[in-house]
Amino acid sequence: MTHAPEPDHMHAISDDTRDTVDEVLHYARRRALFQDIPLDKAMSPRDLARLASGSITADGIGARRAIGLFENVLAPACISTDHPGYLSFIPSAPTKAALAFDVVVSASAIYAGSWMEGAGAVYAENEVLHWLAREFGLPEGAGGVFVQGGTIGNLSALVAARDVARRRNRQVGREDPARWIIVCSAEAHSSIASAAAVMDVDVVTAAPDAEGRLHGEAVSALLDEHGPAVFAVVATGGTTNFGIVDDIASVAAATRGRDVWLHIDGAYGLAAMLVESMRPAFEGVGEADSVIVDPHKWLFAPFDACALIYRDPSVALAAHTQKAEYLDTLTESADWNPSDLAIQLTRRARGLPLWFSLATHGTEHYRAAIDGGIRLARRIADEITAREGVSLVREPQLSVVVFRREGWSPADYQAWSDRLLEDQRAFVVPSSHAGETVLRFAIISPLTTFETLTDILDTLA
Ligand SMILES: *Cc1c(COP(=O)(O)O)cnc(C)c1O
């Protein structure tokens, strides 16, 4: 390059930047409206280096080449989590409205950490959080924030819980314990142990029943044993592996009247509470001090978003508000500042895609879509029971179905799974339970049909 580039070249409205925006939005539109979503699969670092290296240059390769590289090389090296045959881990299935609005969030340059800067966006996010809080049976006054994911949601809630316990100790003149303790089920998500490690606290696991469900009795025994060292009890509203909902009502009863925080990890499963017939399974959630649910899982929003809701948001403010001179104008106001409710400062208005889709379609479509996943899980479970050679590990409670192929070694499962992906039929990775290799269908997408699943079962014959 002979001349120094103009400083405003990338930002000014010009034919060049207009073309760039068009290229990108056209691709986004195409991808959002794909009739047949390609499943795709990872590529080795060597192959990617061969096909995709050299894109960062002094003068740029131009939007057309860069988007071409993404569309033809990089995107096909990523599995589409919204493919109807993506049934591993927890899939994603954003509504068209939600994923399209995610583009608007980016285009709008909203800082959603403070009311002063992002009032409109924060208001709309709060509409969604308050609606969820009511659905979960939390009282008026409950509120929270959308954070990056369930892991950060759990950590933020537990940090608030310990802060409350510390303040209480200070108030009554009691010493803090040598080691703080979180009580949860042995089936709790790995992010609880991760949060405990970050916080340098201990996790004491209570044994679940034969069905994998945590009950109040086991919790009570641990609360008696460890006393005020326990600052939080975590119950799971739908385990990731099996979709098991703890006996939350009895766990809540065990914590009642004791100085201990009740947190519900409903990252995946709490969405099922929107379905009337599933409500009884979640009794007790309304007694929680905090809950999380991930819109990027079963609420059909794009990555990444976790709704973190506190029964009393003021205690979260006390725990999380960052103090700094340059922030004084924010922290000295009584405004609702989402940054102050979790471990974060700068934040994207990541709740807006869900808000837009909910506003567009109404809540009934959400209930129906979630109910559809639960019904499909039951139907395919019956089918598995009826078929030779495969059997259920456990009846599904939500939309996760775990089953085995009789007579297969772990290597057989892996080879089958690899072939399924190689053939671009589906993404079903082997999982394990109690030392046994098993298969698992996690059903989220309303585009996943009974036929999608029976076609996969056919390949197990
Ligand atoms: C997925 C999940 C998490 C972690 O959520 P991320 O959004 O992946 O961080 C925590 N708890 C449960 C029960 C989950 O299913």
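Indexing begins at 1, ligand by ligand and atom by atom, following the structure's order.
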(request) Could you verify whether a donor N or O on one side chain and an acceptor N or O on the other, from Thr360 and Ser357, lie under 3.5 Å apart? (result) no
(request) Tell me, please: is Asp304 in heavy-atom contact with ligand 1, that is, under 4.0 Å? (result) no
(request) Could you list which atoms of ligand 1 come closer than 4.0 Å to a heavy atom of Tyr268? (result) 15 (O)
(request) Would you mind checking if Glu276 and Arg367 are paired as a salt bridge, meaning a charged N to carboxylate O distance below 4.0 Å? (result) no
(request) Answer side chain, backbone, both or neither: which part of Ile90 comes under 4.0 Å from ligand 1, heavy atoms only. (result) neither
(request) Examine Thr151 against ligand 1 and note whether any of their N/O atoms are separated by less than 3.5 Å. (result) yes
(message) Between Arg350 and Glu125, does any side-chain N to carboxylate O distance fall below 4.0 Å?
(response) no
(request) For atom 11 (N) of ligand 1, find the nearest protein heavy atom and state the residue, atom name and distance (0.1 Å precision). (result) Asp265 OD2, 2.6 Å
(message) Against ligand 1, does Ser191 come closer than 4.0 Å with any heavy atom?
(response) yes
(request) Scan side-chain atoms only and decide if Ser290 and Trp261 contain a donor-acceptor pair under the 3.5 Å cut-off. (result) yes
(request) Do me a favour and list the nearest non-hydrogen protein atom to atom 15 (O) of ligand 1 with residue, atom name and distance? (result) Thr240 OG1, 2.7 Å
(request) Classify the ring geometry between Trp298 and Tyr268 as parallel (under 30°), tilted (30 to 60°) or perpendicular (over 60°). (result) parallel
(message) Assess whether a salt bridge exists between Arg30 and Glu71, defined as any Lys/Arg side-chain N lying under 4.0 Å from an Asp/Glu carboxylate O.
(response) yes
(request) Can you see which heavy atom on Arg347 is nearest to which on Phe146, and at what distance? (result) NH2-O, 2.9 Å
(request) Report the part of Asp294 in contact with ligand 1, treating N, CA, C, O as backbone and CB onward as side chain, heavy atoms under 4.0 Å; options are side chain, backbone, both, neither. (result) side chain
(message) Is it the case that ligand 1 has an N or O less than 3.5 angstrom from some N or O of His296?
(response) yes
(request) Do me a favour and list the nearest non-hydrogen protein atom to atom 4 (C) of ligand 1 with residue, atom name and distance? (result) His189 CE1, 3.4 Å
(request) Give the residue, atom name and distance (to 0.1 Å) of the protein heavy atom nearest atom 8 (O) of ligand 1. (result) Lys297 NZ, 4.3 Å
(message) Check this for me, if you would: do Arg168 and Asp259 make a salt bridge, where the nitrogen-to-carboxylate-oxygen distance has to be below 4.0 angstrom?
(response) yes
(request) Considering only non-hydrogen protein atoms, determine which one is nearest to atom 6 (P) of ligand 1 and report residue, atom name and distance to 0.1 Å. (result) Gly150 N, 3.2 Å
